[in-house]
Amino acid sequence: MMILILALAALQPASNEAPEPYEVQGFRASVVVNIAAEPQVVFEAATGDITGWWDHSFALQPAELVIEPRFGGRFYERSSDGLDDGALHATVIYVDAPNALRLHGPLGLSGRAVDMVSSWTLEPRDGGTRFTVDLSINGEVDAQLAGVVRSVWVHFIEGRLKPYVEAGCHLAPDRSCPAFQP
């Protein structure tokens, strides 16, 4: 059977495109944001159903975006209610609630040969939380893409999670958040 498959493959017309090499590179970056809420509050808002503050997805209007805050938990996006469609963005590889969470997965870079670990550290600071995201990215990535990944994390933590928590939107996640109103 294997010989037949190889023979059929040999008869197929060859593609005129040669494989395209890429350089494997690695980058590290950090994002630090102070949020005016205790670490437990920030951790709970940053995990579980994050549809209220996470605004990047593959689906135009995902049914849900969830980070399961447990070892082996998933960070997933479900495209449609009640269906098993969507994307697995990352897997939780470490959790020490409410102090730390580590995600392993490509996040929005699905489809590229990228290995990424996003490590969150939440530390009490002046009655609030110092939220740090340390990124380790390697694979099919260059300095420009690594910079984009860092800026997207700045957007998520400083531009979305911080105002979401500070406006109290995490207390009523089913309502629209006034922090995001034009």
>> Suppose we screen for side chain to side chain donor-acceptor pair (under 3.5 Å). Which residues come up paired with Arg112, at least two apart in sequence or across chains?
In response: none
> Can you list the residues that meet the ring-ring contact (aromatic ring centres under 6.0 Å, His included) rule with Phe58, with sequence neighbours excluded?
Replying inline: His89
>> Restricting to non-hydrogen atoms, name the atom on Ala100 and the atom on Tyr94 that form the minimum distance, rounded to 0.1 Å.
In response: CB-CE2, 3.8 Å
> What do the steps show when you test Lys162 against Glu166 for salt bridge (Lys or Arg N to Asp or Glu O under 4.0 Å), and what is the final call?
Replying inline: CA-CA 6 Å; Lys162 175 183 173 74; Glu166 291 179 353; 3.0 Å; yes
> Hey, what do you get for CZ (Phe131) to CG (Leu161), rounding to the nearest 0.5 Å?
Replying inline: 6.0 Å
> In the single-linkage hydrophobic clustering (I, L, V, M, F, W, Y; side-chain heavy atoms under 4.5 Å), do Trp53 and Tyr76 co-cluster?
Replying inline: no
I'd like a table of donor-acceptor pairs (distance under 3.5 Å, sequence neighbours excluded) in which one partner is a side-chain atom from residues 114-125, with atom names and distances.
unit_1	atom_1	unit_2	atom_2	d
Asp115	OD1	His104	NE2	2.5
Ser119	OG	Arg102	NE	2.8

> What pairs with Phe27 under ring-ring contact (aromatic ring centres under 6.0 Å, His included), at least two apart in sequence or on another chain?
Replying inline: none
> Any disulfide bond (SG atoms under 2.5 Å apart) pairs touching residues 88-142, not counting sequence neighbours?
Replying inline: none
Got a list of side-chain donor-acceptor pairs under 3.5 Å for residues 173-180, not counting sequence neighbours?
none

What donor-acceptor contacts under 3.5 angstrom involve side-chain atoms of residues 38-52, with partners at least two apart or in another chain?
unit_1	atom_1	unit_2	atom_2	d
Gln40	NE2	Glu44	OE2	2.5
Thr47	OG1	Phe43	O	2.9
Asp49	OD1	Thr51	N	3.0
Asp49	OD1	Thr51	OG1	2.6
Thr51	OG1	Leu65	N	3.0

> What residues, two or more places apart in sequence or in another chain, satisfy side chain to side chain donor-acceptor pair (under 3.5 Å) together with Asp55?
Replying inline: His155
> Which residues satisfy the side chain to side chain donor-acceptor pair (under 3.5 Å) test with Asp126, sequence neighbours excluded?
Replying inline: none
>> Cation-pi check for Tyr164 against Arg160: NZ or CZ below 6.0 Å from the six-membered ring centre and within 45 degrees of the axis, yes or no?
In response: no
> What do you reckon, is CD of Gln144 surrounded by more than 12 foreign heavy atoms closer than 6.0 Å?
Replying inline: no
Side-chain atoms of residues 28-37: list all donor-acceptor pairs with protein atoms under 3.5 Å, sequence neighbours left out, distances to 0.1 Å.
unit_1	atom_1	unit_2	atom_2	d
Arg28	NH1	Ser136	OG	2.7
Ser30	OG	Asp134	OD1	2.4

> Listed by chain and number, what are the side chain to side chain donor-acceptor pair (under 3.5 Å) partners of Gln25, not counting sequence neighbours?
Replying inline: none
> Taking only residues two or more places apart in sequence, or in another chain, which ones meet Glu64 in a salt bridge (charged side-chain N to carboxylate O under 4.0 Å, His left out)?
Replying inline: Arg78
>> For Ala146 versus Val141, what's the shortest heavy-atom pair and its separation?
In response: N-CG2, 3.8 Å
> Minimum heavy-atom separation for Glu77 to Ala59, with atom names?
Replying inline: OE2-N, 2.7 Å
> What distance do Ile157 atom CD1 and Thr132 atom OG1 have between them, rounded to the nearest 0.5 Å?
Replying inline: 10.0 Å
